[in-house]
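For clarity, every value in this text was computed on a predicted model and none was experimentally measured. Within every chain, numbering begins at 1; the chains are lettered A, B, ... in the order of the sequence lines, protein sequences first and strands thereafter.
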Amino acid sequence: MLHINDLHAEIDGKPILNGLTLSVNAGEIHAIMGPNGAGKSTLAYVLGGRPGYEVTGGSVSLNGQDLLGMDPHERAAAGLFLGFQYPVEIPGVSNVQFLREGLNSQRKAKGLEPLSGGEFLKLAREKAGLLRFDMEMLKRNVNVGFSGGEKKRAEMVQMGILDPAFAVLDETDSGLDIDALRVVGAGINAIMRRPDKAVLLITHYQRLLDYVKPDRVHVLAAGRIVTSGGPELAQRLESEGYEAVA
Amino acid sequence: MATLPTTRDENWRYADGAVLASLSPEVLDQWDDMTVAAGESARRIIVAGGAGPELIRVRVTVGDGGTAELFGVVAGDAYARLEVAVRLGRGAHFQFGGVTIGGGDAVREIVTRMDHAEPDGTSEQVIRAVHWGTATGNFLGRIDVARDAQKTDAAQDFKGLILERGATTNARPELEIYADDVKCAHGASIGQLDENARFYMAARGLAPDVANRLLVQAFIGDAFAALEDEGERERLMALALGALGDRA
């Protein structure tokens with residue numbers, strides 16, 4: 001599914017990722033944990049193709065396609081979903097309009113017919129229901145006036161609607177209370193826990209992993225994976241800290 | 001007969017000097033009158049979207065307690081100026097929404113002169129400018145509040161969007177207030193498309209042209225928010241967005 005090989009990346013000439021290698025197979029959920037400044041968000045943005053994040057070496061392929069050679073919107077069409085730590089507010093553009101354009105752009109790239117307004121709303125209603133997200137909120141402007149928790153749940157609704165093959169979720173658990181965490185965790189499982197999909201969960205804490213059981217846990221430090229293990233590694237990190245484990 | 005203005009004239013300083021020099025002097029005397037009687041209301045829609053230079057000047061007079069609404073799009077390929085001079089009676093209201101949009105090398109400008117001559121008048125102006133290429137978008141907006149025009153409530157909001165390096169936007173808000181019990185809110189800002197929003201949209205699959213179009217649509221939408229006729233609102237929006245063509 002996703003293969004990252006010896007990835008090097010920098011921001012403003014400052015190296016952040018220093019030879020990161022990681023493979024996530026279809027049907028798997030991997031968690032990446034690590035201290036502040038380890039390069040976790042940089043990894044997410046490099047995978048998404050954010051301008052300003054310069055890849056200086058290595059390769060990334062998604063389902064055999066060279067991800068780094070694509071523009072950000074092409075990566076989305078290729079099946080990548082990037083869940084944002086800080087979802088962006090877009091005044092004047094409704095969620096419905098935003099997601100319908102996004103989905104239809106992706107469908108067009110795959111040679112599929114666009115969904116009509118009615119078909120899209122039906123799909124949106126179904127996915128919003130899954131995340132217990134008020135359909136009325138989807139008619140409002142993208143993330144404008146949403147609380148931190150609502151933004152993260154909206155991200156999961158977006159993921160449900162866009163139905164990606166691979167999701168990179170960058171600290172989706174930050175800013176969530178316990179109830180919202182449970183709903184979001186259940187959403188990730190319902191949408192992505194499938195034999196043909198995979199997830200890379202980027203997180204600071206173990207608590208999301210109580211709801212979304214990772215198959216593998218990796219520790220990122222100084223821009224590379226320093227240790228990997230099963231779910232028990234997350235427990236050890238939580239009790240002993242990064243310095244002891246990594 | 002009027003003399004032709006030049007760009008040395010403050011009210012024409014950002015205009016296209018070459019085009020001004022080529023105008024026939026009579027056009028300066030041509031004012032289109034929009035008169036709204038006391039207690040009445042009227043709306044006018046103006047579109048400047050031709051291939052040649054356009055000078056559209058509207059003189060609005062609103063009687064006591066009346067309401068005039070003016071909405072305009074300046075989206076042509078050549079120099080175009082929409083100039084609006086408004087005189088409000090007691091308790092009268094003026095609503096204005098205007099958009100200049102386009103590329104190439106044209107100058108597109110909206111000029112308003114709001115004369116709050118009597119007490120209790122209200123006015124709201126929302127102007128948006130979107131330019132690219134080496135085009136220029138100007139807004140000159142003057143608000144005069146006379147000594148007796150107490151309780152005036154005037155709002156003026158201008159935002160300019162520059163889609164690429166090379167384009168220019170000028171804003172000149174001007175307030176002359178001689179009454180002491182008034183509200184005059186005004187704002188003028190110029191910026192670029194929000195890169196965070198663009199990346200967010202790309203990450204959801206929106207192709208850059210689709211994303212830009214949505215962002216421009218959201219940006220200029222404010223100018224027509226007060227237009228209650230949905231059909232007209234959509235028509236103006238389509239006209240303005242049409243200027244984007246494949247550019248978005």
- Message: Need one label for Arg50(A): side chain, backbone, both or neither, based on atoms under 4.5 Å from any heavy atom in chain B.
- Response: both
- chain B heavy atoms under 4.5 Å from Leu82(A): which part of the residue, side chain, backbone, both or neither? both
- Message: Tell me whether the count of non-hydrogen atoms from other residues, nucleotides or ligands lying under 6.0 Å of NE2 in His186(B) goes above 12.
- Response: no
- Note on the structure: Counting heavy-atom pairs under 4.5 angstrom with chain B, the leader among Met159(A), Glu74(A), Glu155(A) is Glu155(A)
- Note on the structure: Honestly, the part of Gln217(B) sitting under 4.5 Å from a heavy atom of chain A is side chain
- Checking heavy atoms, do the side chain of Glu101(A), its backbone, both or neither come under 4.5 Å from chain B? both
- Query: Ring centres of Tyr53(A) and Phe199(B) under 6.0 Å apart?
  - Reply: no
- Donor-acceptor contact present, side-chain Lys152(A) to main-chain Ser174(A), <3.5 Å: yes
- Message: Using a strict threshold of under 4.0 Å (side-chain N to carboxylate O), is an ion pair present between Lys127(A) and Asp163(A)?
- Response: no
- Is it true that atom CG of Asp196(A) has more than 12 heavy atoms of other residues, nucleotides or ligands lying nearer than 6.0 Å? yes
- Heavy atoms, side chains only, cut-off 4.5 Å: are Gln95(B) and Thr67(B) in contact? no
- Item | Contact class of Pro87(A) relative to chain B, heavy atoms under 4.5 angstrom | both
- Message: Under a 4.5 Å cutoff for heavy-atom pairs, which residue among Leu206(B), Asp222(B), Asn196(B), Leu214(B) has the most contacts with chain A?
- Response: Leu206(B)
